[in-house]
Structure formats: structure tokens, C-alpha cells
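A short write-up of the structure that comes next.
Numbers here simply count residues along the sequence, with the first being 1. Note that ligands are numbered from 1 as they come in the structure, with each ligand's atoms numbered from 1 the same way. All values derive from a computational prediction rather than experimental measurement.
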Amino acid sequence: MRTQVAIIGAGPAGLLLSHLLAQGGVDSVVLETRSEEYVAARIRAGILEHSSVELLESVGLGARLRAEGDEHRGIYLQWPGERHQLDFVDLTGRSVWVYGQTEVQKDLIAARKKAGQEIHYEVTDVALHDIEDSPYVTYADKNGQSVKLDAAVIAGCDGSFGPSRAAVPAAKAFERVYPYSWFGILADVAPSTDELIYAWHPDGFALHSMRSATVSRLYLQVPNGTDPQSWSDDQIWDALATRLGHGQNGWKLHPGPITDKSVLPMRSYVQTPMRHGNLFLAGDAAHIVPPTGAKGLNLAIADVALLSRALVARFRENDPRLADAYSETAQRRVWRCTHFSWWMTTMLHTSGDPFDAELQLSQLRWVASSEAGATGLAENYAGLPIFL
Ligand code: APR
Ligand code: PHB
């Protein structure tokens, strides 16, 4: 089998890349180790930057987003006794959209199917070969048949546990592991807020997000290794009510049936370079951010926007310049988002150290009261243009 771009991974990075390449007249084959149902149902984050929405719309992926997503002007910053709204539109002219990654994934799968994109699900033993000269991928298809896929380029969009990351020789890795995790719940109850609430509290961080007018998504800071089954539903709602300021200025948190519980560890990870020979990494294969800045999905989208433009230029105009600059260009945004995600995480999660707590509160007061401080957060959260 032969194609122009062999894409490993059918997450948002891999599927969007195949979509953007097809728009540019470049063929690809997508290989995915999980089933289509599993990939479509995975619960992940739900905030889209202004630039991500613009990009998705520009390639025909905006209809359901606009119809079913929710445009938000900004977020609330909360700490005991105080809640402040940061209006990103006033501060930067840019809004954000609440639209679950699961929905983006569904739109991508539907669009790729409609376009007749070749996606091979449930493949195993994926291995990359000869990435410097004549690259090819070997794998076993869902029936156990061995396959060799020749390609001019391999795109590693296989996340943090796939083979592509390790295929970059002498890569440099930067990592920060945080001493706490997020306990995330989905609940069949109308959100108790019109925009996301990021809350600092001595008991730990909390976030009130949502998926729709009837489904809420909420998170609590918990110690690493917490078993999601070890908290009763009442304990979860009590902790959320305390940390989010239930009763403050008459605001109420409305509990409801919890339909999903999970605990996710928090870390920042960056690998460089994001390209070696004919192998290009994008998304979680190259970097991981803690979810506090809502950057994971948006960074994957920005990576493949840059990569597709570079590969279309390489294949269609025989111009390698953008491809040669891909890693350096993408890394600028990667570190900007890595810094912002680290900054939000360390500003909002308690360490138990009273000195840290006073520093965090002082920073929150500054961000909420200074136009310069608020604009800094807004600019990063709403997202910078992809093509700078
Ligand atoms: N062969 C084929 N596919 C693989 C392999 C393999 N050996 N290993 C992993 N994969 C697949 C995974 O099953 C997954 O579907 O690669 C895909 C990687 O997708 P994601 O993990 O969603 O990563 P990415 O597309 O980069 O999207 C990043 O997803 O995890 C969130 O917070 C993250 O929002 C960010 C976004
Ligand atoms: C979510 O809706 O799941 C979400 C929103 C904002 C974040 C992280 C997660 O920062």
C-alpha cells in the first residue's frame, strides 16, 4: 500500500490533519489502534479558542459547532468571598466556545467518512521504519493481516503513548509533574453558571464547566492516586459547593445525578524537535499540558494547521521551507501554551504552603482588578492567531 502521508492516530490531531491535507489535494491513510466507537466516545475537554473555531469553520466543520456549541465572552475567577468575570471580548475582541472534544471528534469522523477517507481502526503492532529516506509503516490490520504502508511522510498523531514520539532520535524532553490531580465528573443537571468558574480555595481548586444546557462538567483538585470510587456523590457535591462559593451573594450550585467519574493526573511535557527526517509530530505526541488553561485540544489543532500548510506546500509546490521550519514554528506556540497552562495551574491549585496561598491570592486580585493582568490572561485563554 502507498500514500503521501501515513497518519498514525485518529484523535483530533490525526483526523483534522487528514481533513486539511485533503482540502489541499494531499492524500493520506489514517491508522488507529482503537475502535471507531471507542475513539468517538472518549470524554475529554470542551473549550475551543477563537482561532480554533475560525479554522474549523473555514474547512467546513463549523455547522454543528455553531448550532449546538455555546459562545462565551469569558470566564469567572473565584476565591472565598469574591467572584470576578473576565470579559475576553471586551479585553481582546475574541470569545471562546464550549463544544466538547467528543463533538469535534464526531464531526471529524463524519466529515472523513463522507470524503471516503481511509481510516484503519483496531490496528496493532504499528512500527515506523526508514523515516530519513523511504519511510514506511508496518502494522497488523484488524484481521491480523500484516501490512506495509509506504509513504513520503509519516505524521505522528498518536498521543503520549504511541510509537511516534520514541521514533525521534536524540529528542530532548522537558517535563513537570504536578503533586495533585483532577477529579472530573459529568452530571445530568443544568449548569449553575452561564460561564466557566475557576475557583481557588484553601481546600483545593475547583472548576465548573458544562457540556450543554442539561449536562454539567465539574472538576476538583485531589491528591494523586485518588480512587474515583472512594468519594460518595454527596462528598463530591459538598466539596464543589464549598470551593465554588455556594451561598455567596445568593449563588447556588445545583447538584444532580453523576454519570461519570474519573481522576486525571496533571503534567506538562514538551519534546523537541517535532520533526525528524520525514516524520512530523503533532498534538499530544509532542506535548502535554495540564487542562487548567484549556489548551490541549487547541494546541493539537494549531499544530496540524501549521503542519498541513507545510505539507501541502511541500507536495503541491515542491517547496520544503515551511516543512523545514515546522518544528521551530510550532514550538513557539507550544511553549506559550505550556507556560500559560503552568501559570494557571500554579495560580489556582493549593499546595498547603501559607506563603504560596498569599502569593496566589495576590495574583488573582491583580488579574481581576488590573486591565493589564486581565488582558494577559484573556489573550492567552482566547488564543493567539495560529498563523502569526
Ligand atoms: N497505533 C495507532 N494509533 C495509536 C497508537 C498506535 N500504536 N497509539 C495511540 N494511538 C491513537 C490513540 O488511540 C488515539 O486515538 O492515537 C490517538 C491519539 O489521539 P489523542 O490522544 O486524542 O491525541 P491528539 O489527537 O494529539 O489530541 C490531543 O486530545 O487528549 C486530548 O487533551 C488532549 O485535547 C488534547 C487532544
Ligand atoms: C472542560 O469543559 O472539560 C474543561 C474546560 C476548561 C478547562 C478544562 C476542562 O480548563
Side-chain angles (χ1 to χ4, degrees), residues 6-18 29-36 38-49 52 70 72 75 96-105 108-109 119-128 137-142 149 154-167 182 184-186 191 195-198 205-212 215-219 260 262 264 266-267 269 281-304 307 337 340-341 344-345 348 381:
I7 300 175
I8 307 178
L15 288 182
L16 183 57
L17 179 61
S18 71
V29 167
V30 179
L31 305 176
E32 168 57 51
T33 195
R34 298 283 191 160
S35 68
E36 180 179 338
Y38 179 91
V39 169
R42 245 183 328 222
I43 296 173
R44 292 270 179 80
I47 297 290
L48 291 173
E49 286 176 5
S52 296
D70 226 358
H72 284 193
I75 61 169
V96 293
W97 282 70
V98 174
Y99 189 63
Q101 179 170 325
T102 319
E103 305 312 317
V104 174
Q105 191 77 20
L108 282 166
I109 290 173
I119 307 177
H120 300 279
Y121 289 101
E122 298 174 65
V123 303
T124 52
D125 306 328
V126 171
L128 294 72
V137 179
T138 55
Y139 63 95
D141 68 16
K142 66 192 293 181
L149 172 61
I154 300 175
C157 301
D158 43 351
S160 37
F161 305 106
S164 301
R165 183 187 280 185
W182 273 16
I185 65 166
L186 264 181
E195 295 189 336
L196 274 60
I197 305 172
Y198 286 82
F205 168 76
L207 169 62
H208 190 332
S209 181
M210 64 281 289
R211 285 292 172 273
S212 70
V215 177
S216 293
R217 177 78 166 145
L218 300 107
Y219 300 93
D260 185 84
S262 59
L264 46 155
M266 313 258 293
R267 72 186 177 119
Y269 178 91
L281 302 184
D284 279 15
H287 43 72
I288 300 285
V289 289
T292 328
K295 289 292 168 223
L297 174 60
N298 294 294
L299 200 42
I301 291 173
D303 282 352
V304 296
L307 182 54
C337 292
F340 177 65
S341 305
M344 286 283 279
T345 301
L348 287 160
Y381 196 110

Practice task
Measure the distance from atom 27 (O) of ligand 1 to every protein heavy atom, then report the residue, atom name and distance (to 0.1 Å) of the closest one.
Solution key: Pro12 CG, 3.4 Å
Completion exercise
To atom 3 (O) of ligand 2, the nearest of Trp182, Tyr198, Tyr219 on a heavy-atom basis is Tyr219
Completion exercise
Value for CD (Glu49) from SG (Cys337), rounded to nearest 0.5 Å, stands at 6.0 Å
Practice task
Find out whether Val104 and Leu15 are in side-chain contact, i.e. whether some heavy atom of one side chain is under 4.5 Å from a heavy atom of the other.
Solution key: no
Exercise for the section: Distance to 0.1 Å, residue and atom name: give those for the protein heavy atom nearest to atom 9 (C) of ligand 1. Expected result: Asp158 O, 3.3 Å
Handout entry: Tyr139 side chain reached by Asp125 side chain, heavy atoms, under 4.5 Å
Key = no
Practice task
Answer whether the closest heavy-atom distance between the side chains of Leu149 and Thr138 falls below 4.5 Å.
Solution key: no
Exercise for the section: Within a distance under 4.0 Å of any heavy atom of Ile8, pick out the atoms of ligand 1 and give their elements. Expected result: 1 (N), 2 (C)
Handout entry: For Leu31, atoms of ligand 1 separated by under 4.0 Å from a heavy atom
Key = 2 (C), 3 (N)
Practice task
Give the residue, atom name and distance (to 0.1 Å) of the protein heavy atom nearest atom 2 (O) of ligand 2.
Solution key: Ser209 OG, 2.6 Å
Practice task
Nearest heavy atom to atom 7 (N) of ligand 1 wins, so pick from Pro163, Gly283, Ser164.
Solution key: Pro163
Practice task
Looking only at distances, please establish whether an N/O atom of ligand 1 is found under 3.5 Å from an N/O atom of Leu297.
Solution key: yes
Practice task
Using distance alone, decide if ligand 1 has a nitrogen or oxygen within less than 3.5 Å of any nitrogen or oxygen in Gly14.
Solution key: no
Exercise for the section: Check whether any heavy atom of Cys157 sits under 4.0 Å from an atom of ligand 1. Expected result: yes
Handout entry: Polar contact flag for Thr33 and ligand 1 (N/O pairs, less than 3.5 Å)
Key = yes
Exercise for the section: List the closest protein heavy-atom neighbour of atom 25 (O) of ligand 1: residue, atom name, distance to the nearest 0.1 Å. Expected result: Ala13 N, 3.0 Å
Practice task
Just need the protein heavy atom nearest to atom 36 (C) of ligand 1, so name the residue and atom and give the distance.
Solution key: Gln101 NE2, 3.7 Å
Problem - Numbered atoms and elements of ligand 2 in range of Leu196, under 4.0 angstrom, heavy atoms - result: 5 (C), 6 (C)
Handout entry: Interatomic spacing from OG in Ser164 to CD1 in Ile154 - rounded to 0.5 Å
Key = 7.5 Å
Exercise for the section: State whether the shortest distance between N or O atoms of Pro291 and N or O atoms of ligand 2 falls below 3.5 angstrom. Expected result: yes
Practice task
Find out whether Ser341 and His287 are in side-chain contact, i.e. whether some heavy atom of one side chain is under 4.5 Å from a heavy atom of the other.
Solution key: no
Problem - Taking atom 30 (O) of ligand 1 as the reference point, the nearest protein heavy atom with its distance - result: Arg44 NH1, 2.7 Å
Handout entry: Heavy-atom check, side chain of His120 versus side chain of Asp141, under 4.5 Å
Key = no
Problem - From Tyr121 atom OH to Thr33 atom OG1, the distance as rounded to the nearest 0.5 Å - result: 12.5 Å
Problem - Heavy-atom check, side chain of Lys295 versus side chain of Ile47, under 4.5 Å - result: no
Practice task
Side-chain contact test, heavy atoms from C-beta onward, threshold under 4.5 Å: evaluate it for Trp182 versus Pro291 and give yes or no.
Solution key: yes
Handout entry: Close-contact set for ligand 1 against Arg34 heavy atoms, below 4.0 Å
Key = 13 (O)
Fill in the blank from the handout: One finds that the ligand 2 atoms under 4.0 Å from a non-hydrogen atom of Ile47 are 5 (C), 6 (C)
Fill in the blank from the handout: If you scan protein heavy atoms around atom 8 (N) of ligand 1, the nearest is Gly162 CA, 3.6 Å
Practice task
Would you mind running through ligand 1 and noting each atom that sits below 4.0 Å from a heavy atom of Val126?
Solution key: 1 (N)
Handout entry: Numbering as shown, the atoms of ligand 1 that approach Gly296 to under 4.0 Å (heavy-atom distance)
Key = 34 (O), 35 (C)
Exercise for the section: Mark the output for Arg211 as yes if a heavy-atom distance to ligand 2 is under 4.0 Å, and as no if none is. Expected result: yes
Exercise for the section: Examine ligand 2 and decide if any of its atoms is less than 4.0 Å from a heavy atom belonging to Val98. Expected result: no
Practice task
Please round to the nearest 0.5 Å and tell me the distance separating atom CD of Glu122 and atom CD of Glu32.
Solution key: 9.5 Å
Practice task
Could you find the nearest protein heavy atom to atom 28 (C) of ligand 1 and give me its residue, atom name and distance?
Solution key: Asp284 OD1, 3.4 Å
Problem - Asp158 CG to Leu281 CG distance, which is reported to the nearest 0.5 Å - result: 8.0 Å
Handout entry: Nearest protein heavy atom with distance in Å, relative to atom 12 (C) of ligand 1
Key = Glu32 OE2, 3.5 Å
Handout entry: Atoms in ligand 1 with a heavy atom of Gly9 nearer than 4.0 Å
Key = 3 (N), 11 (C), 16 (O), 17 (C)
Handout entry: Element-labelled atoms of ligand 2 that are located less than 4.0 Å from some non-hydrogen atom of Leu207
Key = 6 (C), 7 (C), 8 (C)
